[in-house]
J.: 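Sharing a structure below in structure tokens format, with a few things to ask.
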Amino acid sequence: MSTSHVIVGDGIAGSSAAETIREEDPDAQITVLTDEGEALYNRILIKEFAKGKLPEAPISIHEPEWYEERDIDLELNTHVQRVDADAHEIHTHEGETYEYDKLLVATGGTPKSLASFGVDNADADGIHHFWTFEDARAIHEQAEEAGTGVVVGAGLLGIDLAAVCGAQGIDAKYLMRGNRWWRYALSLQGAEIVHEGLEEIGVEPVFDSGVDSFEVDDDGHVTAAVDPNGERYEANWAGVAIGLDFNTEWLHGTGIERDDGIFVDEYMRTNVEDIYAAGDIVRYYDTIINDRAQNGSWGSAKEQGAVAGRNMVADGPEEEFRWVSSYSITHFDFPFLSFGHPARGDDEAERKYSDDEWRRLAFEDGQLVGGVLIGDLSQQSSLKQIMRGEWQVADKKEQLLEEDIDVDRLEPTPQAE
Ligand SMILES: Cc1cc2nc3c(=O)[nH]c(=O)nc-3n(C[C@H](O)[C@H](O)[C@H](O)COP(=O)(O)OP(=O)(O)OC[C@H]3O[C@@H](n4cnc5c(N)ncnc54)[C@H](O)[C@@H]3O)c2cc1C
């Protein structure tokens, strides 16, 4: 009898698992359920759509025919509400039941609202969160009309919202806590290059700020943001990116171990039999740093989906997830790339090479665990190789900060290993 694989979530993790399962098992029954109204699209590119730089078509990845050709049953607009792990059944909002032999949880996250931090009018009209293509359409439409704006959330998604303001000509302020953008991974020296990039696209960074409340007009549309210092910023458009709540509520009662994400091992298995998880939602066991970790990146989610798919078909630990993720930003004249886990570490090294070239590396227990490259990305493969190899390099900072890293000189000799 063929095995029934049910995948919840048609983001890149879920879709890549479905594709892999079909490649590995021509007879498997595969069902993909998503609460979105469209099949997989490129979430990375929706920011370009919101900026007005790309039409809709190139953002779509899979048309419904893609699933039909592979005999994958795709159910759109289907919200999964509950799992009965003992009965191997899942239940949807419309009262439908799907039986599974293997289940993949690939439901990602939902952007947090400032309402959960007690900010008045945090969900008013004109205040945007950014995750889906639907969000991008609303962002684009209202940004075209907006004159003034604010952005909150000094991280990788917040900067996309700032870039939308820049591209759409919104007179915008980027309200940040502390003295710099992405303070968990960048020093002031590196962040200043990004601040200049923001100024160049017409977005003004405001430090030691944030939002205490939003003001609205009689129609409930945002008109201003007030920061903790009492400063008022006119804004008829606002973008908020302060992190994700992971979509785990439907797993209540299953006994799946989780804590701000689902725990999986390096084979993408949860602690509950026949239930796997992949993508943004997982806190996986990272065999490179030998600790639990989480990645919010496209490449990592795709690879995790593929690894989960192979292990689901094999019904055992066939392949482990071992991956150095990367995330790039392309809004400025200079390229920007973070890799690995740049916000971790017990040691660090950094160097500025020119006005817009900078490198910072993070180390933990002597190993390279991540970093950020601005301006010159040419050393990314060498750095990823060093990280993947788990080489002890924290005492070789000078060599790692050279413009051209001599990997052969850093490679441990067999005796040293
Ligand atoms: C604007 C933006 C820009 C980004 N830029 C980059 C970038 O430049 N580089 C990079 O590496 N990464 C980027 N990312 C992050 C990257 O897109 C994510 O890491 C990746 O898409 C995660 O994939 P996923 O499959 O784990 O989750 P998701 O893509 O979030 O997919 C989860 C799916 O599950 C659905 N779902 C949730 N709950 C249920 C339920 N109960 N029932 C049914 N369906 C459900 C959701 O609606 C969603 O479709 C960006 C993200 C955004 C939003």
Side-chain angles (χ1 to χ4, degrees), residues 6-18 31-51 54 59 61-62 74-83 90-94 96 98 103-111 128-137 139-140 153 155-164 239-241 243-252 261-262 264 268 277-284 294-306 308 323-331 335-339:
V6 174
I7 296 168
V8 186
D10 187 38
I12 186 61
S15 196
S16 137
T31 306
V32 180
L33 307 170
T34 173
D35 58 9
E36 290 198 62
E38 51 209 316
L40 179 71
Y41 52 84
N42 192 327
R43 218 176 273 297
I44 297 187
L45 287 184
I46 58 176
K47 59 190 144 198
E48 297 305 322
F49 176 83
K51 280 161 74 177
L54 269 186
I59 292 166
I61 296 181
H62 291 162
L74 171 71
E75 299 292 337
L76 301 175
N77 300 308
T78 304
H79 184 74
V80 175
Q81 278 187 323
R82 197 167 63 79
V83 184
I90 64 164
H91 303 275
T92 73
H93 73 297
E94 283 181 327
E96 288 207 60
Y98 291 83
L103 172 66
L104 180 71
V105 177
T107 44
T110 301
H128 298 273
H129 299 91
F130 202 3
W131 199 256
T132 64
F133 208 161
E134 273 309 289
D135 296 336
R137 292 182 184 111
I139 287 171
H140 180 253
L156 295 168
L157 263 186
I159 207 147
D160 288 347
L161 289 162
V164 170
V240 176
L244 297 178
D245 288 320
F246 295 105
N247 298 319
T248 56
E249 63 293 336
W250 60 284
L251 299 167
H252 188 73
I262 294 174
V264 290
M268 301 289 120
D280 282 6
I281 201 168
V282 297
R283 290 185 64 192
Y284 64 99
Q294 202 151 15
N295 280 334
S297 75
W298 181 269
S300 173
K302 184 174 183 187
E303 177 68 9
Q304 287 181 351
W323 184 261
V324 178
S325 69
S326 50
Y327 195 114
S328 54
I329 293 174
T330 52
H331 301 306
F336 175 108
L337 179 121
S338 75
F339 68 92

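No experiment lies behind these values; they were computed from the predicted model shown. When a ligand or atom number is given, it counts from 1 through the structure's own listing order.
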J.: If the cut-off is 4.0 Å to any non-hydrogen atom of Gly279, which atoms of ligand 1 fall inside it?
T.: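 Going through ligand 1 atom by atom, the ones under 4.0 Å from Gly279 are 26 (O).
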J.: Check Lys47 against ligand 1 and report side chain, backbone, both or neither, counting heavy atoms closer than 4.0 Å.
T.: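 Near ligand 1, Lys47 shows its side chain, while the N, CA, C and O stay back.
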J.: Heavy atom to atom 30 (O) of ligand 1, shortest distance: which of Tyr41, Trp250, Trp131 holds it?
T.: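 Considering heavy atoms of Tyr41, Trp250, Trp131, the nearest to atom 30 (O) of ligand 1 sits in Trp131.
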J.: Within a reach of under 6.0 Å around NZ of Lys51, are more than 12 heavy atoms found that belong to other residues, nucleotides or ligands?
T.: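 Result for NZ/Lys51: enclosed.
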J.: Let me confirm one number: the CD1-OG distance from Ile329 to Ser338, rounded to the nearest 0.5 Å.
T.: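 It is 7.0 Å, given to the nearest 0.5 Å.
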J.: Only heavy atoms of Thr78, strictly under 4.0 Å: list the atoms of ligand 1 that pass.
T.: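 Result: 42 (N), 43 (C).
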J.: How far is atom 19 (O) of ligand 1 from its nearest protein heavy atom, and which residue and atom is that?
T.: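 For atom 19 (O) of ligand 1, the nearest protein heavy atom comes out as Asp280 OD1, 2.7 Å.
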J.: Relative to ligand 1, is Leu157 under 4.0 angstrom through side chain, backbone, both or neither, heavy atoms considered?
T.: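 Side chain only; the backbone of Leu157 stays clear of ligand 1.
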J.: side-chain hydrogen bond (donor to acceptor under 3.5 Å, both in side chains) between His331 and Asp160: does it pass, once the steps are laid out?
T.: CA-CA 8 Å; His331 301 306; Asp160 288 347; 2.7 Å; yes
J.: For Asn295, which part has a heavy atom under 4.0 Å from ligand 1: side chain, backbone, both, or neither?
T.: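 Neither part.
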J.: Is the distance between the ring centroids of Phe133 and Phe49 less than 6.0 Å?
T.: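 Ring centres of Phe49 and Phe133 closer than 6.0 Å.
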J.: Quick one: list whatever passes side chain to side chain contact (heavy atoms under 4.5 Å, CB included) with Ser325, sequence neighbours left out.
T.: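 Side chain to side chain contact (heavy atoms under 4.5 Å, CB included) check on Ser325 returns Asn295, Ser297, Ser300, Trp323.
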J.: Before signing off on this row, confirm whether Asp10 and ligand 1 have an N or O atom pair separated by under 3.5 Å.
T.: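 Looking only at distances, the answer is no, because the N/O contact criterion of under 3.5 Å is not met.
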J.: My understanding is that we take every heavy atom of each candidate and find the minimum distance to atom 3 (C) of ligand 1. Doing that for Val105, Leu337, Val282, Asp160, which one comes out nearest?
T.: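 Nearest heavy atom to atom 3 (C) of ligand 1 lies in Asp160.
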J.: With a 3.5 Å distance limit and no angle check, can you tell me whether Thr132 reaches the backbone of Asp135 through a side-chain donor-acceptor pair?
T.: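 Flag set: sc Thr132 to bb Asp135 pair under 3.5 Å.
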J.: Counting non-hydrogen protein atoms only, what is the nearest one to atom 46 (C) of ligand 1? Give residue, atom name and distance.
T.: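 That would be Asp35 OD1, 3.5 Å.
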J.: Under 4.0 Å from a heavy atom of Trp298: give me the atoms of ligand 1 that qualify, with their elements.
T.: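 Heavy-atom distances to Trp298 below 4.0 Å select 10 (C), 11 (O), 12 (N), 16 (C), 17 (O), 19 (O), 21 (O).
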J.: Below 3.5 angstrom, do we get any N/O pair linking Gly299 and ligand 1?
T.: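 No.
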J.: Can you sort out which atoms of ligand 1 are near Gly11, meaning under 4.0 Å from one of its heavy atoms?
T.: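 Here the atoms of ligand 1 in question are 25 (O), 29 (O), 31 (O).
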J.: What about Ile44: any of its N or O atoms under 3.5 Å from an N or O on ligand 1?
T.: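 Between Ile44 and ligand 1 (N or O atoms, distance only) the closest approach is not under 3.5 Å.
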J.: Is the closest heavy atom of Ser328 to ligand 1 under 4.0 Å?
T.: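 Under 4.0 Å: yes for Ser328.
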J.: In chain order, what residues pass the side chain to side chain donor-acceptor pair (under 3.5 Å) check against His252, with sequence neighbours excluded?
T.: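 His252 satisfies side chain to side chain donor-acceptor pair (under 3.5 Å) with no other residue.
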J.: Measure Ala136 to ligand 1 on non-hydrogen atoms and call it side chain, backbone, both or neither using the 4.0 Å cut-off.
T.: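 Neither part.
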J.: What part of Phe130, side chain, backbone, both or neither, has a heavy atom within less than 4.0 angstrom of ligand 1?
T.: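 For Phe130, backbone and side-chain atoms both sit under 4.0 Å from ligand 1.
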J.: Looking at atom 29 (O) of ligand 1, what's its closest protein heavy atom, distance included?
T.: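 Result for atom 29 (O) of ligand 1: Arg43 NE, 2.7 Å.
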J.: Just let me know how Ile12 lines up against ligand 1, side chain, backbone, both or neither, with a heavy-atom cut-off below 4.0 Å.
T.: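 Under 4.0 Å from ligand 1, Ile12 contributes backbone and side-chain atoms.
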J.: Using modelled atom types only, decide if a donor and an acceptor are shared between the side chain of His91 and the backbone of Arg82 within a distance under 3.5 Å.
T.: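 Between the backbone of Arg82 and the side chain of His91 there is no qualifying donor-acceptor contact (under 3.5 Å).
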J.: Supply the atom-to-atom distance Tyr98 OH to Thr92 OG1, rounded to the nearest 0.5 angstrom.
T.: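 Tyr98 OH to Thr92 OG1: 6.0 Å, rounded to 0.5 Å.
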J.: If only atom types and distance count, is the side chain of Gln304 paired as donor or acceptor with the main-chain N or O of Gly279 below 3.5 Å?
T.: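 Here the side-chain-to-backbone pair exists.
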J.: State the atoms of ligand 1, each with its element, that fall below the 4.0 Å cut-off from a heavy-atom position in Gly9.
T.: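 Under 4.0 Å from Gly9, ligand 1 has these atoms: 33 (C), 34 (O).
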J.: Counting only nitrogen or oxygen atoms and a 3.5 angstrom limit, does Ala13 reach ligand 1?
T.: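 Ala13 vs ligand 1: N/O contact under 3.5 Å present.
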J.: Tell me whether Arg43 is salt-bridged to Glu48, with the criterion being a basic N under 4.0 Å from an acidic carboxylate O.
T.: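 Salt bridge absent between Arg43 and Glu48.
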J.: Any donor-acceptor pair under 3.5 Å linking the side chain of Asn247 with the backbone of Thr107?
T.: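 Indeed, once roles are kept as given, a pair shorter than 3.5 Å links the two residues.
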J.: Do the side chains of Phe246 and Ile262 get nearer than 4.5 Å, heavy atoms only?
T.: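 A side-chain contact is absent here, since even the closest heavy-atom pair is not under 4.5 Å.
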J.: Relative to the heavy atoms of His79, which atoms of ligand 1 are at a distance of less than 4.0 Å?
T.: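 Matching atoms, with element in brackets: 40 (C), 41 (N), 42 (N).
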J.: Distance under 4.0 Å to a non-hydrogen atom of Gly108: what atoms of ligand 1 satisfy this?
T.: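 Atoms satisfying the 4.0 Å criterion: 27 (O), 30 (O), 32 (C).
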J.: If you count the atoms of ligand 1 from 1 in the order shown, which ones are under 4.0 Å from a heavy atom of Ala106?
T.: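 Once the distances to Ala106 are compared, the set is 32 (C), 33 (C), 34 (O).
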J.: Does a side-chain heavy-atom distance below 4.5 Å link Val105 with Leu251?
T.: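 Yes. Closest side-chain heavy atoms under 4.5 Å.
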